Visitor: 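Dropping the structure in here first, questions after.
To find a chain, count down the sequence lines: A is the first, B the second, and so on, and within it residues start at 1. Bear in mind that the values here come from a model prediction, so they are computed numbers and not experimental data.
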Amino acid sequence: MIREVVLRVEGLRKRFGDVQALDGIDFTCRRGELFGLLGPNGAGKTTTIRCICSIIKPDDGLIEVEGVSVASNPLMVLKKIGVVLEDGGLYERLTAEENMKLLAQLHGVEGSLIDERIDSICDTLGLGEYRKRQFKKLSKGNKQKVLLGQALVIDPPLLILDEPTVGLDVPTQKVIRDLLGKIKKERTILYSTHIMSEAEELCDRLAIIDHGRIVAQGTVNEICKKAGTKNLEQAFLKLVGRYA
Amino acid sequence: MLKGIGLIYRKEMWTALRERRTLIFLFLFPLLVWPVFVVLPWFLIGGKERRAQAQPSKVALVSAYPELEKEFEASDKLQLVRLEDSVSAALQQRKAHCVVYVDSLASDSLVTYARILYDPIQTESRTAADKVELVLSQYERKIVIERLAQQGVPERMLEALSYRRQNAMGQNQMLGYFLGFIIGMFVVMGSMMGSMAVVIDSTAGEKERKTLELLLTAPIPRSSIMFGKYLAGVTFAFISPILTALGMSLAASFVVPVLVSSGGSVDLSGLISPGKILIILLVILLMAAFIAALQMTVAVRAHSNR
Ligand SMILES: Nc1ncnc2c1ncn2[C@@H]1O[C@H](COP(=O)(O)OP(=O)(O)OP(=O)(O)O)[C@@H](O)[C@H]1O
Ligand SMILES: [Mg+2]
């Protein structure tokens with residue numbers, strides 16, 4: 001059964017000065033799929049994500065979420081997206097709970113639904129005792145959990161996560177990984193990471209980006225086969241052509 | 001769209017009011033710090049002047065006229081002291097508040113010349129010089145009357161015109177001056193300081209703390225985000241000067257009695273009618289809108305490195 005396309009990216013290009021950050025990116029994510037974006041530093045993962053969330057405008061290319069084009073109706077698209085940005089923050093003076101509530105309200109979630117969702121998110125993420133604490137007083141791991149919670153509270157058809165586990169300790173990484181494993185059946189998740197084992201475990205399909213181009217795309221097995229290697233890490237190193 | 005503005009506005013107000021810095025700028029400065037800064041000097045100067053008036057001033061008299069010396073001794077406003085050092089040393093060390101030199105002239109001259117040496121920077125010295133002038137003029141008058149009497153001219157011939165100076169401004173006018181000029185200045189400053197922290201926090205601050213991009217992924221128009229933030233700035237730029245005006249009016253009701261030196265409380269009710277208050281509020285609102293816009297224009301350009 002071929003599932004419906006939730007995110008379609010075609011021919012995406014973006015240039016910053018004399019850096020061609022994106023040089024024709026094409027991929028699609030289908031409903032219920034966890035799609036991984038892998039690539040070395042500066043490959044263009046974050047730039048792709050910022051274009052999808054209309055934080056920046058691409059120079060060229062098409063982005064569609066559930067058939068709605070970002071270029072022609074950005075607000076409608078944004079309604080369908082919950083996002084954890086790379087190196088993003090939340091309002092320091094607001095509590096974990098208030099931050100999530102604010103984002104939910106901004107996305108048009110209303111009434112008691114917000115509280116119900118926050119309750120369940122705090123439960124799953126183990127944020128219970130921290131939910132009434134100001135964001136700036138939280139540990140890095142708990143901050144990241146709140147950032148994730150903020151994206152989940154919107155309950156979006158498309159969840160976009162830019163390196164959500166970077167800089168976290170192993171137990172916190174596992175909490176987030178387990179959560180993603182659990183929720184990926186109901187949602188479409190676009191997910192960028194550097195951690196190969198994580199990608200191997202979680203991703204249904206993935207794309208390897210380098211220098212603003214997609215060098216390989218497919219399931220882990222398909223990519224390994226294409227590169228002629230045993231595991232994803234070797235395939236990655238071979239494909240981006242940077243053997244140590 | 002309106003809902004988006006409302007949400008952003010509420011968020012900005014809420015986060016700002018949780019910041020101690022905002023509260024200090026919004027309440028402590030307008031209500032306490034500035035009024036005290038304005039009132040204190042008036043009180044210090046006023047107090048010093050009154051004290052100098054009440055106490056006898058120390059005067060060193062250098063003269064060959066024992067009668068004049070007697071005249072000085074007779075005045076309870078003056079206290080004669082001896083000049084031990086140079087004039088400037090005596091004045092600087094406050095051993096004497098002023099020094100009077102009376103030159104002796106040839107005995108056939110009808111005029112005696114006197115010099116009052118004082119330090120214009122010292123309140124006590126200025127007051128002492130005034131007092132000496134008064135004593136000297138009374139003494140001169142006494143002599144002139146005697147001379148005229150010798151010529152058979154009655155004393156009343158001396159008086160052709162009598163005049164005196166009087167403060168024609170009531171307390172309310174003084175208050176009006178105070179409110180209009182000094183407070184006016186502080187109100188503009190209050191407005192600027194009141195909104196500065198909020199405007200910077202909600203623009204450059206969001207970039208710096210990396211919250212802006214997430215805010216931009218909210219499905220509301222960017223103009224709504226801008227406007228919500230702007231309105232928060234206007235609110236602070238509006239409230240702060242009102243608090244400043246209140247604080248300063250309170251301060252004025254202390255200062256003005258000192259200025260017109262007549263004690264008693266000041267009646268504000270006649271001065272400001274509800275209509276005028278409405279106009280003042282409207283003007284402050286327009287000013288707040290302008291100031292917040294100005295600050296926002298500058299602040300959004302800061303840190304735009306991404
Ligand atoms: N605002 C910007 N101005 C100028 N150049 C930029 C900007 N944003 C990104 N770039 C450049 O575009 C390229 C792609 O950057 P991007 O952040 O998308 O990489 P990435 O794949 O997310 O890397 P990382 O794994 O380090 O997060 C880099 O060369 C980067 O220096
Ligand atoms: Mg990145």
Side-chain angles (χ1 to χ4, degrees), chain A residues 16-17 46-47 49-57 65 68 70 73-95 98-110 114 134-137 143 146-148 150-151 153-154 156 158-160 162, chain B residues 1-26 197-233 235-236 300 303-306:
Chain A
F16 295 110
T46 300
T47 306
I49 287 171
R50 290 170 84 215
C51 287
I52 298 171
C53 300
S54 52
I55 294 167
I56 52 175
K57 265 206 181 83
V65 179
V68 182
V70 169
N73 200 342
L75 296 187
M76 178 102 119
V77 170
L78 287 175
K79 271 212 175 84
K80 303 168 185 287
I81 300 177
V83 60
V84 176
L85 293 169
E86 177 180 48
D87 194 23
L90 279 171
Y91 299 104
E92 297 189 335
R93 289 282 170 180
L94 299 184
T95 64
E98 288 167 340
N99 267 305
M100 290 191 240
K101 189 164 180 172
L102 173 67
L103 266 295
Q105 286 172 331
L106 285 171
H107 280 262
V109 187
E110 281 178 351
I114 296 178
Q134 285 192 1
F135 187 73
K136 72 167 184 179
K137 292 180 182 162
K143 279 184 180 162
V146 180
L147 277 161
L148 191 61
Q150 155 279 128
V153 78
I154 299 159
L158 177 61
L159 194 61
I160 298 180
D162 198 352
Chain B
M1 158 131 184
L2 273 180
K3 208 173 139 242
I5 295 175
L7 280 168
I8 299 287
Y9 175 75
R10 220 178 54 202
K11 173 233 140 195
E12 296 303 346
M13 293 301 290
W14 196 228
T15 46
L17 288 173
R18 281 197 189 167
E19 200 81 50
R20 191 179 300 139
R21 190 174 32 151
T22 319
L23 296 179
I24 289 174
F25 280 127
L26 191 61
V198 190
V199 168
I200 290 177
D201 267 355
S202 67
T203 52
E206 287 232 24
K207 283 185 199 167
E208 202 164 307
R209 297 192 195 111
K210 315 220 159 102
T211 50
L212 185 62
E213 295 204 348
L214 185 61
L215 190 62
L216 294 181
T217 66
I220 53 176
R222 291 195 178 184
S223 56
S224 296
I225 296 177
M226 261 295 283
F227 211 66
K229 288 171 181 293
Y230 172 64
L231 285 183
T235 306
F236 278 90
V300 291
H303 284 276
S304 44
N305 50 0
R306 272 175 76 99

Visitor: What heavy-atom pair brings Leu103(A) and Ile154(A) nearest, and what distance separates the two atoms?
Guide: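 Looking at all heavy atoms of both residues, the shortest contact is O-CG1, 4.4 Å.
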
Visitor: Using a cut-off of under 4.5 Å on heavy-atom pairs, state which of Ile81(A), Leu94(A), Val84(A) scores highest against chain B.
Guide: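 If we count pairs closer than 4.5 Å to chain B, Leu94(A) comes out on top.
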
Visitor: Verify the neighbour count for atom CE of Met226(B): are there more than 12 heavy atoms of other residues, nucleotides or ligands below 6.0 Å?
Guide: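 Not more than 12 within 6.0 Å, no.
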
Visitor: Side chain, backbone, both or neither: which part of Ile55(A) has a non-hydrogen atom closer than 4.5 Å to chain B?
Guide: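 For Ile55(A), backbone and side chain are both near chain B.
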
Visitor: Pick from Leu216(B), Leu214(B), Ile220(B): which one has the most heavy-atom pairs with chain A under 4.5 Å?
Guide: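 Looking at each option in turn, the highest pair count goes to Leu214(B).
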
Visitor: Quick one: do Asp162(A) and Leu85(A) satisfy side chain to side chain contact (heavy atoms under 4.5 Å, CB included)? Show the steps, please.
Guide: CA-CA 5 Å; Asp162(A) 198 352; Leu85(A) 293 169; 5.6 Å; no

Visitor: Would you mind checking which part of Glu19(B) comes under 4.5 Å of any heavy atom in chain A, side chain (CB onward), backbone (N, CA, C, O), both or neither?
Guide: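 Both parts, backbone and side chain.
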
Visitor: Using 0.5 Å steps for rounding, measure from the OG atom of Ser202(B) to the OH atom of Tyr9(B).
Guide: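 Atom-to-atom, Ser202(B):OG and Tyr9(B):OH are 12.0 Å apart.
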
Visitor: Under a 4.5 Å heavy-atom cutoff, which of Arg10(B), Arg222(B), Lys11(B) has the most pairs with chain A?
Guide: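 Sorted descending by pairs with chain A, the first entry is Lys11(B).
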
Visitor: Going by side-chain hydrogen bond (donor to acceptor under 3.5 Å, both in side chains), Tyr91(A) matches just one of Arg18(B), Arg209(B), Glu206(B). Which one?
Guide: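 Of the listed options, the one satisfying the test is Glu206(B).
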
